[in-house]
Each structure stands twice: as C-alpha cells, then as structure tokens.
Amino acid sequence: MPIHTINAQRLWGSLMEMGEIGATDAGGCCRLALTELDRQGRDLFVRWCKEAGCDIHVDRIGNIYARRPGTDPEALPISTGSHLDTQPTGGKFDGIYGCLAGLEVIRALNDHKIQTRRPVEVVIWTNEEGSRFAPAMVASGVYSGKFSLDYALNQTDAQGIRLGDALKSIGYDGDLEVGARRFAKFFELHIEQGPVLERENDQIGVVTGVLGMRWYDVSVKGVSAHAGPTPMSYRRDALGASARMISALIDMAAERVGEDGRCTIGELSIPKASRNVIPGDLNFTLDLRNASLAGLEAMEQQARSLIDRIATDAQVEVTLECIWDSPPTVFDANCIEAVERVVADSGCSYRRMTSGAGHDAVNISAVAPTSMIFVPSVGGISHNESEYSTPEQIASGARILYSVMKNEAQCT
C-alpha cells in the first residue's frame, strides 16, 4: 500500500479543529445533537466538503450526504461516515473520526488526481449517541426503515423539545426523502472504544459484526420505613433487594465465557431518598449484550428468573420493561474481506473482532453491504473526556479506509 495515501497531519488538524466546537476544560467535547454547537460542527464539515468539491444534500431527519462524483452517473456510491454529536462528557474521536477520515479520503483522492467510476460519499448521521434524544442511532434507523420518520421527529429531550423542532431550529431539516440516497457499499471507520486491540498489540480491528443488545427499565417497589425502629427481618427494602439483583446479574454475564456476554447497570435512582429512610422505591437500568440471538434470549430468561426469585425472597414487587432491542449483526462477507485484504497488504497487525458497542453501521447493514474498521483506543476509554487515539493510530485507520474505498470505487 502506498505510504502517502492520505495527509495524516491534515486529518489530525481537522479532528482538533472540530474538537474545539464544544471543547470542555478536561480536554473532551460536549456537542449534543441538534444544539447550536452541533450546528456549528455541521456547518464546518459542510464547508470543508464543499471546498473539496462535494455535492451536499440533507434529508428530512438531518442526515448530511457529501458526495464526490464518479464518472458513471448511474453508479451507486461507495460510502462511509459516522456522527458528529457527542456524549455530555465525550471525547474528540467517537464518531467524529469516521466522518473526518471520510473527508480525508476525498481530499486525498483530489490530491492524487484520482478519478473513480463510482461516486465516493461521506454521511453524517443525526443523533447517533441518543444522549439528548432517545433512542440512539435514530436517524440511521429511519434511513434503514427501522423507525418511521414521524416517530423520530416526535421524540423529545429532557426539556420536552421535539427532535423535529430542534432540527428546524439549527437549519438542518432538509427536503430529501430519507432513504432516497442508496449505497453500493458502506464502510464505517471508528475507534474501538474498548481495550482489546491495545492489550493484544494489534493495530487494526476488522469488524465482522456487532453484539446484540437489549435495554430494560427495572422498577423495584418495597415499603418505605424508618431506619431505626424497623428490624432487618421485617424490612421490604427496595435498595437491598436491588443490590442483590445487580450482583447476581453481573455474575450471570461474567459466567458466560466465550459468548461475549455483557451486563451493565448504568443508572440507578431512589425517588425521595433520605439518609434514615429504608428505600421503598428504586429504579435501575439494565443493558444485556451477547454475540448470538440465542445467547441474548438465554440471558434475558436467566435475568428475569433471578430477579423474580430475589424479589420473592425480599418481599418486593418488580417490573422489567424492555425498551430497546437490537439483534446481533453480522456484516457482509465481501465487505469484511475487502477490508482484510487491504489490511493484510499494509503489513499492519490485525484481528477479526465483534464490536461490543452499537453503531450506525448496524442499521445500514440491513439495507446495504456493510462492514467496519477499528483502531485502538488508548486505555480502552471512550464516552469520556480523556478518550484518545494517537495520531499514528488515527492515520493508520484512515489509510486503510482510503485504500478500501478507492479499490471499491474502481479507479479510472
């Protein structure tokens, strides 16, 4: 693979410049979906793409399509992309890297005066994180037909603001029908957001699929009582019961060696909590993940069984509601092989791997051949202001993306 396929310094500079929009004191980035800061980030990206000669289109859910034309006007594009929105205390790389690496592919093609038969396109997906508007990946979900446009536009944030109104307020409520732009193939480049590549000393992850995941809201109801006069054996303690449930759930996932089982309790709240009151009500979230649908089903059944058993033991009532279900995803074999060939030729050390995090590529894989490329995350840290990948790691992944897209777009 040619050494000078992309301009690594330019790509890093673009990442750092984008990271200034919503920069936090701790070195991260807070650029929530469809805020004024998101508008500024989108405007900067669009300006850069126009300067690179791209045609820009925006659909009705705010997805941005930046296309470098090919010689065949009828050919579907080879596409890439990710998202510009961040977590409230996010970093500069999650999602943004994939967007700006896609732009760098186009800039490098221009630098080398390479014309392709197929168009090359970069897509910015709206509200991937789901930190302002739930669910996550909602706009790519509309694109793939998983959600209706009306459903997405009517989602509200914590202040009751509709997604559709927020979209209009920043000027990105486009008129293109969602799904009108189709792809020949889609490749998403991303930081790993986990520790595997770094710990195994591999430079690239060839991603073969994504874990299935289910999110639940769990509500535990006991009886509030005074902390002093109520003996331990008489209590119906919602927190005590929940603690036992949470411990058992985490142990359950840890025992599923080889299945990529995951269990996370990310939020826990006690309404009207008081230091000397036995909690009568408690709510927590449950996130289950597994590499196979059968494994995910088994985890859910086991989770429900142990929660019911502990609830009966502790004399509390429990409701468990599944609020999001994303089945395990297997990416397209030809796309995986196209990435693997380029990585093998590059001399980079690599491994095939399954992603533990959800990505827009999951939704896109339902309607177009898709795969992903990972680069290491330092310390395995992401969704955190200290999220970091080195300039060398960033450049390495972008070189792979460049060669894959150039090959697939068929140079003329």
TODO: Using the six-membered ring wherever Trp is involved, compare the ring planes of Y65 and Y143 and label them parallel, tilted or perpendicular (cut-offs 30° and 60°).
DONE: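 Rings of Y65 and Y143: tilted, 30 to 60°.
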TODO: Would you please classify the geometry between the W12 ring and the Y388 ring as parallel, tilted or perpendicular, with 30° and 60° separating the classes?
DONE: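 If you compare the ring of Y388 with that of W12, the planes turn out perpendicular.
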Open item on the list: To the closest 0.5 Å, what do you measure between CZ (R352) and CD1 (I336)?
Closed with: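 Reported value, rounded in 0.5 Å steps: 5.5 Å.
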Answer yes or no: is there a side-chain heavy-atom contact under 4.5 Å between [X] and [Y]?
X	Y	result
K92	M16	yes
T5	K406	no
F284	L249	yes
E128	L84	no
K146	S326	yes

N/O donor to acceptor pairs below 3.5 angstrom from side-chain atoms of residues 265-282, sequence neighbours left out:
unit_1	atom_1	unit_2	atom_2	d
S274	OG	N276	OD1	3.3
D281	OD1	K221	NZ	3.3

Closest non-hydrogen atom pair between [X] and [Y], with its separation:
X	Y	value
V142	A152	CG2-CB, 3.6 Å
F183	A368	O-CB, 4.0 Å
M213	G358	CE-N, 3.6 Å
K185	C335	CD-SG, 3.9 Å
V316	G222	CG1-CA, 3.9 Å
L44	R47	CD1-NH2, 3.1 Å

Under 3.5 Å donor-acceptor, [X] side chain and [Y] backbone:
X	Y	answer
D165	I161	no
S403	I400	no
T86	C29	yes
N127	A33	no
E385	T89	no
E104	I6	no
S396	Q393	no
R42	I64	no
R118	A75	no
T126	G62	yes

Does one side chain, of [X] or [Y], offer a donor that lies under 3.5 Å from an acceptor on the other?
X	Y	answer
W215	D287	yes
N384	S386	yes
S82	E188	yes
D332	S371	no

Open item on the list: Looking at R214 and E297, is any side-chain nitrogen of the basic one under 4.0 Å from a carboxylate oxygen of the acidic one?
Closed with: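 Yes, charged N to carboxylate O under 4.0 Å.
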Task: Salt-bridge criterion met for D313 and R244 (N-O under 4.0 Å) - done: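 So D313 pairs with R244 through a salt bridge.
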Open item on the list: Please determine whether the number of non-hydrogen atoms from other residues, nucleotides or ligands lying under 6.0 Å from atom CZ of R199 exceeds 12.
Closed with: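 No, CZ of R199 has 12 or fewer neighbouring heavy atoms, counting only those of other groups under 6.0 Å.
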Task: Six-ring centre of F133, R162 cation under 6.0 angstrom, axis tolerance 45° - done: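 The answer is no, since R162 fails at least one limit relative to F133.
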Check residues 170-181 and write down every donor-acceptor pair under 3.5 Å in which the side-chain atom is one partner and the other belongs to a residue at least two apart or another chain.
unit_1	atom_1	unit_2	atom_2	d
Y172	OH	D43	N	3.4
Y172	OH	D43	OD1	2.5
E177	OE2	R60	NH1	3.4
R181	NH2	E121	OE2	3.2

Task: Audit row: R117, D72, salt bridge (Lys or Arg N to Asp or Glu O under 4.0 Å) steps and yes/no - done: CA-CA 5 Å; R117 183 179 74 81; D72 183 352; 2.9 Å; yes
- [ ] Can you sort out the partners of W48 under ring-ring contact (aromatic ring centres under 6.0 Å, His included), two or more places apart, ordered by chain and number?
- [x]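 With neighbours one apart ignored, the set is empty.
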